[in-house]
Amino acid sequence: MKLATILVLGSLAIGSAARADQPGPDWMPMEQVKAKVMESGYSQVTKLEADDGQWEGEGIKKRTEDGISCRP
């Protein structure tokens, strides 16, 4: 029973890791994206991550929280 549980949990962990979005090799580095977003007027850029083929995150612009998405 323990072995079956370990096998199921292990396969779930491997499956979720395989589905996690990762920046492509030709993408702009995260820190560079964050700097460019902040140059365009955003502050407090947070939760910047690779998702669905683009960088996505949150930031504040003109005192309003806003979603951010940037194509690599």
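These numbers come from a predicted model, not from an experiment. Positions are given from 1 along the sequence. Quick note: numbers below take in every heavy atom, side chains included, and nothing from hydrogens, waters or symmetry partners.
Closest of all the heavy-atom pairs between Pro23 and Trp55 is CG-CH2, 3.6 Å. Shown here for Glu56 and Asp51, the closest heavy-atom pair between the two residues is OE1-OD2, 2.9 Å. The heavy-atom pair separating Asp21 from Asp52 by the smallest distance is OD2-N, 2.9 Å.
The cluster map of Ile, Leu, Val, Met, Phe, Trp and Tyr, joined by side-chain heavy atoms under 4.5 Å apart, puts Met38 and Ile60 in different clusters.
Residue pairs satisfying the side chain to side chain donor-acceptor pair (under 3.5 Å) criterion with at least one member in residues 37-46, sequence neighbours excluded, are listed as follows: Tyr42-Asp66.
In terms of the salt bridge (Lys or Arg N to Asp or Glu O under 4.0 Å) criterion, Glu49 has no residue partners (sequence neighbours excluded).
Under the 3.5 Å distance criterion, the side-chain polar atoms of Trp27 are left unmatched by any main-chain donor or acceptor of Ala50.
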